[in-house]
Visitor: 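Please see the structure below; I have some questions.
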Amino acid sequence: MSIRAERLRSHRLTAPTRTPVEAASHMLAVQSQEFWGGRWALAARTRGAPTLRDIDAEFARGELVRAWTMRGTLHIIPAQDLAWVLQITGPRQRQQAAGRERQLGIDADVLARSERALRHAIDDGMHGPGLTRDEAFAVLERIGIDPRAQRGVHILGALTVNGVLCQGPVVPRSDGVAREQIHVLVDRWIPASAPPYDPLAELFRRYIKGHGPATAEDFAWWAGLTLSQAREAAARAASDLIEVSEGRFSAAEHPRRAAGAPRVLALPPFDEYYISYVDRSVVADADARAAVGPGANGMVRPVIVADGQVIGVWKHSTALGRHADAPQPDLFDAKAATTEEVDAALARYARFVTG
């Protein structure tokens with residue numbers, strides 16, 4: 001079986017899970033700085049026709065959270081996995097953010113003052129389970145910390161990486177796609193759970209389970225770890241995995257491909273199927289990679305995939321009043337998929353975003 005076919009199964013794109021939470025658990029962390037895209041990534045890996053509201057309900061129940069879990073990038077992650085993942089990825093994230101934090105005047109004292117003030121504001125109960133970003137910024141202003149120039153965002157990010165905060169319930173809106181979440185206290189919102197016996201090995205195992213076949217180099221990029229850390233993780237997890245070729249690992253057990261799984265898929269921006277590898281040539285040729293990104297602005301466009309190969313991009317506005325507009329495809333090769341296949345893939349997304 002080809003690498004692409006194996007990855008489609010590992011990503012649960014041809015072997016979907018029963019629920020979005022199961023999809024999140026299988027993938028462990030789904031890139032989600034485009035929040036609508038991260039939620040669609042879970043729905044695309046789930047049976048049936050889950051909607052945006054279905055995913056948002058999982059945040060409200062506390063089963064999913066969003067946080068800067070790795071590479072200084074927001075991911076959706078099962079709540080119970082957040083603490084131990086940050087145990088592994090947090091030190092590198094703090095190291096990489098240190099220079100920018102110095103520029104912004106964010107030091108240990110600022111973070112300690114911010115944490116105390118935010119905890120007090122949340123604990124007084126006036127804002128429900130937590131604070132919106134604007135409410136959090138208002139708290140910072142009251143203690144003399146200017147949240148402008150990205151200072152507020154970096155403080156929230158640092159407190160998240162330190163295991164204090166995460167983004168929980170979605171702020172609902174009836175007239176469009178909800179984009180905002182409530183910042184909650186991890187020790188209040190997420191029940192304590194025991195970490196894996198060997199968190200570093202577990203992180204590699206979970207990455208391979210949701211992304212394999214893949215290499216330690218791929219894992220190092222995805223997790224934001226050094227190559228030596230990644231190779232150590234691979235060595236410690238190797239007995240539970242299969243080395244399908246030199247340096248490339250796969251899970252010992254694979255989910256069963258669903259009967260009638262569609263050949264053509266519409267995936268969100270920054271989807272794990274495309275973004276989470278050092279070498280993306282397996283799924284996209286040079287022209288496709290140039291069209292998809294990452295571009296100079298760091299963006300990665302939504303992709304259309306046929307038999308695991310990126311064959312085009314698509315666009316859709318989630319702006320107020322535009323979320324019900326039909327998504328628009330742009331194929332690199334009109335012969336790579338039929339109009340009916342592409343329309344069906346985009347129609348599933350349209351049902352998700354408007355449901």
Visitor: Under 4.5 Å between any side-chain heavy atoms of Leu52 and Val177, yes or no?
Guide: yes
Visitor: Please evaluate residues Arg301 and Asp271 with respect to the criterion salt bridge (Lys or Arg N to Asp or Glu O under 4.0 Å), reporting the C-alpha separation (whole Å), side-chain torsions for both, the decisive distance (0.1 Å), and the verdict.
Guide: CA-CA 9 Å; Arg301 300 169 72 185; Asp271 191 79; over 6 Å; no
Visitor: Any salt bridge linking Arg39 with Asp56? Criterion: basic side-chain nitrogen under 4.0 Å from a carboxylate oxygen.
Guide: yes
Visitor: Measure the spacing between CH2 of Trp314 and CD1 of Ile304 and express it to the nearest 0.5 Å.
Guide: 8.5 Å
Visitor: Are His183 and Pro129 close enough that some pair of their side-chain heavy atoms sits under 4.5 Å apart?
Guide: no
Visitor: Has Tyr277 got a side-chain atom pairing as donor or acceptor with Glu217's backbone, closer than 3.5 angstrom?
Guide: no
Visitor: Ignoring hydrogens and geometry, is there a side-chain-to-backbone donor-acceptor pair from Glu115 to Ala112 under 3.5 Å?
Guide: no
Visitor: What verdict does the side-chain contact (heavy atoms from CB on, under 4.5 Å) test give for Leu267 and Leu13, after you've listed the backbone C-alpha separation in whole Å, the side-chain angles of each residue and the deciding distance to 0.1 Å?
Guide: CA-CA 10 Å; Leu267 302 180; Leu13 292 168; 3.8 Å; yes
Visitor: What I'd like to find out is whether the side chain of Asp187 reaches to under 4.5 Å of the side chain of Arg119, using heavy atoms alone.
Guide: yes
Visitor: What heavy-atom pair brings Ala251 and Ile208 nearest, and what distance separates the two atoms?
Guide: N-CG2, 3.6 Å
Visitor: Nearest 0.5 Å, what's the CD1-OG distance between Ile155 and Ser114?
Guide: 4.0 Å
Visitor: Begin with the C-alpha distance, continue with both residues' side-chain angles, and end with the deciding distance and a verdict on side-chain hydrogen bond (donor to acceptor under 3.5 Å, both in side chains) for Asp279 and Ser281.
Guide: CA-CA 6 Å; Asp279 179 9; Ser281 65; 2.5 Å; yes
Visitor: So, for Tyr349 and Trp36, is the gap between ring centers shorter than 6.0 Å?
Guide: yes
Visitor: Would you sort out whether Asp218 and Trp221 count as a side-chain hydrogen bond (donor to acceptor under 3.5 Å, both in side chains), showing the intermediate values?
Guide: CA-CA 5 Å; Asp218 293 322; Trp221 185 91; over 6 Å; no
Visitor: Flag the pair Phe59 / Pro169 as yes when at least one side-chain heavy-atom distance between them is below 4.5 Å, and no otherwise.
Guide: no
Visitor: Step by step, would you call His11 with Glu272 a side-chain hydrogen bond (donor to acceptor under 3.5 Å, both in side chains)?
Guide: CA-CA 8 Å; His11 279 264; Glu272 294 285 312; over 6 Å; no
Visitor: For Arg205 and Ala237, which heavy atoms make the closest approach, and how far apart are they?
Guide: CG-CB, 3.7 Å
Visitor: Thinking salt bridges, do Asp175 and Arg173 make one under a 4.0 Å N-O criterion?
Guide: yes
Visitor: Give the cluster check for Phe219 versus Val85: same hydrophobic cluster or not, with ILVMFWY residues linked at side-chain heavy-atom distances below 4.5 Å.
Guide: yes
Visitor: Taking side chain as C-beta onward, heavy atoms only, is Leu131 less than 4.5 Å from Ile182?
Guide: no
Visitor: In Å and rounded to the nearest 0.5 Å, what is the CG to CZ distance from Asp240 to Phe249?
Guide: 11.5 Å
Visitor: Just so I know, are the side chains of Arg12 and Pro255 near enough to count as touching, which here means a heavy-atom distance under 4.5 Å?
Guide: yes
Visitor: Can you confirm whether Arg206 sits close enough to His211 that some side-chain heavy atom of one is under 4.5 Å from a side-chain heavy atom of the other?
Guide: no
Visitor: Applying side-chain contact (heavy atoms from CB on, under 4.5 Å) to Leu165 and Val184, what does each step give before you reach the verdict?
Guide: CA-CA 6 Å; Leu165 298 174; Val184 294; over 6 Å; no
Visitor: Does the side chain of Gln31 pick up a donor-acceptor pair with the side chain of Arg71 at under 3.5 Å?
Guide: yes
Visitor: Short question: side chain of Arg179, backbone of Phe35 - any donor-acceptor pair under 3.5 Å?
Guide: no
Visitor: Quick check: are there more than 12 heavy atoms from other residues, nucleotides or ligands sitting under 6.0 Å from CZ of Arg133?
Guide: no
Visitor: Output yes when a side-chain donor or acceptor of Tyr207 lies under 3.5 Å from a complementary backbone atom of Ala216, and no otherwise.
Guide: no
Visitor: Under 4.5 Å between side-chain heavy atoms, hopping through other hydrophobics if needed: is there a path connecting Phe270 to Leu265?
Guide: yes
Visitor: Taking everything shown except Gln80 itself, do over 12 heavy atoms lie less than 6.0 Å from its CD?
Guide: no
Visitor: Counting N and O atoms only, with roles assigned by atom type, does the side chain of Glu135 sit under 3.5 Å from a partner on the main chain of Thr132, one being a donor and the other an acceptor?
Guide: yes
Visitor: Judged by atom type as modelled, is there a donor-acceptor pair below 3.5 Å linking the side chain of Arg236 to the main-chain atoms of Leu200?
Guide: no
Visitor: Taking Leu104's backbone N and O only, do any of them form a donor-acceptor pair with His154's side chain (distance below 3.5 Å, no angle check)?
Guide: no
Visitor: Can you tell me if Gln229 and Thr226 form a side-chain donor-acceptor pair at under 3.5 Å?
Guide: yes
Visitor: Given Arg188 and Asp123, is the salt bridge (Lys or Arg N to Asp or Glu O under 4.0 Å) satisfied, shown in steps?
Guide: CA-CA 10 Å; Arg188 305 282 199 280; Asp123 284 342; 2.8 Å; yes
Visitor: Checking Arg289 side chain against Ala284 main chain: does a donor-acceptor pair fall under 3.5 Å?
Guide: yes
Visitor: Can you tell me how far apart CD1 (Ile3) and OG (Ser10) are? Round to the nearest 0.5 Å.
Guide: 11.0 Å
Visitor: Can you confirm whether more than 12 heavy atoms, excluding those of Arg53, are under 6.0 Å from its CZ atom?
Guide: no
Visitor: From Lys209 NZ over to Phe204 CZ, what is the distance, rounded to the nearest 0.5 angstrom?
Guide: 15.0 Å
Visitor: Check this for me, if you would: do Asp330 and Lys315 make a salt bridge, where the nitrogen-to-carboxylate-oxygen distance has to be below 4.0 angstrom?
Guide: no
Visitor: Given side chains that start at C-beta, do those of Phe332 and Val310 come closer than 4.5 Å, heavy atoms only?
Guide: yes
Visitor: Can you tell me if Asn162 uses its side chain to pair, donor with acceptor, with the backbone of Val164 under 3.5 Å?
Guide: no
